[in-house]
Amino acid sequence: MPTWTVLELLRKDPEAYRAVFKKRGMNESLLEEALKLDSLYLSKLKEIEALRSEHNKYSKLVREAKSQEEKTKYISIVRELASRIDEEEKKFQEIKNAWENILKKLPNILADDVPVGFSDEENVPVRGWGKAKVPSSKLKEFYEQTEKWGVRLDYEVIEKEPVPHADMLEYVLGMGDTQQAGKIASSRFYYLFDDLVWLDFALSLLALDMLARKGYRLVIPPYMIRTKVLESALDYDTFKDMIYKIEDEDLNLIGTAEHPILALLYDNPVREEDLPIKLAGWSACFRKEAGAGNRDLKGIFRVHQFHKVEQFVFAHPSDSWGFLEEMTRNTEEILQALELPYRVVKVVSGEIGLGVAKKYDVEVWYPSQGRFREIASISHLIDWQAFRGNLTFIRKSDGRREYVHTLNGTGLPTTRAITAILENHQQSDGAVYIPKALRKYLESIPSAPKDYIHPRKKSAFP
RNA sequence: GCCGGGGUCGCCCAGCCUGGUAGGGCGCCGGCCUGCUAAGCCGGUGGGGGAAACCCCGCGCGGGUUCAAAUCCCGCCCCCGGCGCCA
C-alpha cells in the first residue's frame with residue numbers, strides 16, 4: 001500500500017500520535033496495542049519472507065536438476081520447507097488479521113486548529129449570517145450561541161411564540177402525516193403532501209444547480225452497497241446499528257450518498273491529472289437513528305428516510321485543504337439563497353468522528369426551539385478513507401500510487417431544510433414564505449406554489 | 001434463473017489446452033540522439049520489507065491439488081452474448 005499518514009506517524013513519531021489520542025479522549029491502550037502489533041507484524045513478515053525465499057531457491061533447483069537423484073533430494077528439502085512455511089503462515093495470518101483490524105480502528109490525525117473539547121457545547125462558532133427571529137423568551141440563549149463567541153447575527157425580537165415545524169406540517173398546513181406513517185412503517189417515517197412535495201424537489205434542484213454551476217459533476221449513485229465497501233467509508237463497528245441491511249444479501253441501504261460516491265474510486269485508480277474530482281450527488285438516505293432515543297420524535301427533523309444533495313471531492317494531497325473551506329462556503333451560499341439564518345461551528349476534537357481530521361457543522365436557527373440545529377456537516381478525511389478503500393491516483397512523475405484525499409459535505413438535506421423553512425418563514429396567517437431563489441425551480445410547474453405555501457383547505461382526508 | 005464466452009499492470013491484448021522467472025502494444029515519466037512541435041533508441045511505469053544490494057507477494061475473490069498454479073479442480077462476484085421470466 002502507498003504511504004498512509006496514520007501508519008507513517010505511528011511508526012515514525014508515536015508520541016505525536018499519542019497526542020491525537022489525548023485530544024480525542026481515546027483510550028491509549030489501543031495505541032500501545034497497535035505499536036506492539038505493528039512491530040510484531042513486521043518481524044514476522046521478514047521471517048516468513050526469508051523462509052519463502054529459501055523455498056523458491058530450492059524449487060528452482062528442482063526444475064534445473066540434472067539427475068533424478070538430485071531432483072528427489074531437492075524435492076524433499078522443498079517439501080520440508082513448504083510444511084514449515086505452512087505452519088508459520090497460519091500464525092502469521094492471525095497476526096496479520098489482528099494487525100489489519102487494529103489499523104482500521106485507528107483514528108485519523110487532527111488538524112492543528114481543531115478545538116480540543118468533548119461535547120457539542122464546546123464547538124466553536126466561527127461566523128454567522130442572516131437575520132434570526134428570536135422570541136423574547138429566548139434572547140439569552142441566542143446571545144449565548146452567538147455574540148458570546150464573538151459571532152454576530154442580525155436578529156429581530158418576536159413576541160408571538162413561533163409554531164414548531166411539526167405543528168406547521170401537520171396542523172397548520174395540513175401537508176404531512178406522521179401518524180399513519182408510524183402505523184404502517186414506524187415512527188420517524190412520514191407522508192409529505194401537496195406543496196411540500198414540490199418544495200422537496202425544488203430544494204434538491206436549487207442545491208444541485210448551484211453546485212453544478214460551480215463545476216461539480218452531478219451524480220445519482222446506487223442506494224445500496226456491499227458491506228466491505230461500506231467498511232472502507234466509515235468505522236463500521238460504530239455505525240452498524242445505524243444501517244439498514246437487506247436480508248439474505250450482502251447489501252446495505254446507504255445512509256448518505258457520500259458512501260457510494262466515495263466508492264467511485266474503490267479499487268479504481270485515477271490519473272494524477274484527473275484530480276480534483278468534484279461531485280454533487282443526489283440520493284435518498286436511510287438511517288436507523290438508533291441511539292437517538294426520544295429526541296426529535298415529533299415532525300420530520302430526524303427521520304429514517306430523506307433526500308439529500310451531497311458534495312464530494314477527491315483531492316490531490318498537495319491542495320486538499322482549500323476544498324474544506326470551498327465546500328463550507330457552498331453550503332452557506334445555499335442557505336443564504338434560502339434566506340435561513342445560520343452559524344458555522346468548528347467541531348471539537350472529541351466529537352469529530354474517528355476518520356475526520358477537521359469538521360465544520362453548519363447550524364440553522366430554529367425560532368421555536370431557541371437554538372441552532374445542525375443542517376450540514378463538512379469533513380476532511382485526508383487519506384483515512386482512501387487507505388481503507390484503496391483509493392489511489394497514479395503519480396505522473398514515476399507511475400506509482402498515492403492515496404487521494406477525500407472530503408465530503410452536505411449540500412442540502414431536503415426534509416431538514418423543509419423544517420427550517422417552516423420554522424423561519426412562517427407568517428402570522430399560517431402561510432409559509434418561499435425564498436425567492438427557489439421560485440425559478442417552481443415556475444415551470446403549473447401546479448406548484450410560487451411565493452407562499454398556503455394552508456390546505458380542510459377536507460375529510462387525510 | 002439457465003446455457004455459452006470472458007475478467008492478466010492506467011488502457012488494449014498474449015500466455016492457460018501441454019503447470020516451472022508474467023510478456024507485448026498504447027499512454028505517461030526520465031534519459032540519449034538528431035537542432036527545427038516529429039521520428040528513432042535506452043530505461044522506468046502493481047504492492048510490501050530494506051539505508052542499499054536484494055528479497056517477498058501479485059494475473060477478479062476465496063479455497064483445493066502440487067516440490068511448484070495466471071495455467072489444473074471446486075465455490076463465489078462481476079462483465080458480454082443468447083434463452084427464459086417480468087413490474
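Bear in mind the structure is a predicted one, so any value in this text is a computation, not a measurement. Atom set for the values below is all heavy atoms of this structure, side chains included, hydrogens, waters and symmetry mates excluded. Lettering follows sequence order; numbering is per chain, from 1.
Minimum atom distance to the side chain of A:A82 is reached by B:A68, of the listed B:A68, B:G20, B:G49. Each of B:C55, B:G47, B:C67 was ranked by its minimum atom distance to the side chain of A:S59; first place goes to B:C67. Set against B:G49, B:C67, B:G47, the side chain of A:V62 has B:C67 as its closest nucleotide. Ranking B:G47, B:C67, B:G50 by closeness to the A:K46 side chain, first place goes to B:G50.
The salt bridge (Lys or Arg N to Asp or Glu O under 4.0 Å) analysis of residues 288-309 of chain A, with sequence neighbours excluded, yields the pairs A:D167-A:K298, A:E289-A:R302, A:D296-A:R302, A:D296-A:R373, A:K308-A:E310. Sorted by first then second residue, the salt bridge (Lys or Arg N to Asp or Glu O under 4.0 Å) pairs that include residues 25-40 of chain A, not counting sequence neighbours, are A:R11-A:D38, A:R18-A:E28, A:R18-A:E32, A:K22-A:E28.
For the residue pair A:D200/A:T415, the side-chain donor-acceptor check at 3.5 Å is not satisfied. No hydrogens or angles considered: a donor-acceptor pair under 3.5 Å links the side chains of A:Q311 and A:T331.
Using a 4.0 Å heavy-atom distance criterion, A:L81 is classed as making no nucleic acid contact.
B:U21 and B:A70 have their P atoms separated by 10 Å, given to the nearest Å. Rounded to the nearest Å, the gap between the C1' atom of B:G82 and that of B:A87 is 23 Å. For B:C80 and B:G25, the P atoms lie 30 Å apart once the distance is rounded to whole Å. Going from the C1' atom of B:A14 to that of B:G1 covers 35 Å, rounded to whole Å. For B:G64 and B:C9, the C1' atoms lie 27 Å apart once the distance is rounded to whole Å.
Judged by Watson-Crick or G-U wobble contacts below 3.5 Å, the nucleotide B:C54 has B:G49 as its partner. B:A39: no Watson-Crick or G-U partner with both key distances under 3.5 Å is found in any strand. Using the Watson-Crick or G-U wobble rule with both distances under 3.5 Å, B:G1 pairs with B:C83.
Taking side-chain N and O atoms only, A:R84 has no distance below 4.0 Å to OP1 or OP2 of B:C67.
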Tabulate protein N/O versus nucleotide N/O from nucleotides 28-30 of chain B, keeping only pairs under 3.5 Å, one per line.
{"unit_1": "B:C29", "atom_1": "O4'", "unit_2": "A:K396", "atom_2": "O", "d": "3.1"}
{"unit_1": "B:C29", "atom_1": "O2'", "unit_2": "A:S397", "atom_2": "O", "d": "2.7"}

Could I get a table of every N or O pair under 3.5 Å where one atom is in the protein and the other is in nucleotides 25-27 of chain B?
none

Please enumerate all protein N or O atoms sitting under 3.5 Å from an N or O of nucleotides 75-78 of chain B, with distances to 0.1 Å.
{"unit_1": "B:C77", "atom_1": "O3'", "unit_2": "A:R226", "atom_2": "NH2", "d": "3.4"}
{"unit_1": "B:C77", "atom_1": "O2'", "unit_2": "A:R226", "atom_2": "NH2", "d": "3.2"}

Enumerate the protein-to-nucleotides 57-64 of chain B contacts in which both atoms are nitrogen or oxygen and the separation is below 3.5 Å.
{"unit_1": "B:C57", "atom_1": "OP2", "unit_2": "A:N56", "atom_2": "ND2", "d": "3.0"}

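Remark: A:R416 is not positioned above the aromatic ring of A:F306, lacking an NZ or CZ atom under 6.0 angstrom from the ring centre and at most 45 degrees off the axis.
Here A:F92 and A:Y41 bring their ring centres to under 6.0 angstrom of each other. For an aromatic pair to be called close, the ring centres must be under 6.0 Å apart, and A:F393 with A:H316 satisfies this.
Considering only heavy atoms from C-beta on, A:Y403 comes within 4.5 Å of A:N390 through its side chain.
In this structure, A:F193 and A:Y191 have parallel ring planes: the angle between them is below the 30° cut-off, well short of the 60° mark.
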Item to check | Test log, rule salt bridge (Lys or Arg N to Asp or Glu O under 4.0 Å), inputs A:K57 and A:E54 | outcome: CA-CA 5 Å; A:K57 218 182 308 177; A:E54 282 292 292; 3.1 Å; yes
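The only member of A:Q385, A:H259, A:E258 that meets side-chain hydrogen bond (donor to acceptor under 3.5 Å, both in side chains) when paired with A:N408 is A:E258.
In this entry the distance linking OH of A:Y74 with P of B:A68 reads 18 Å, nearest Å.
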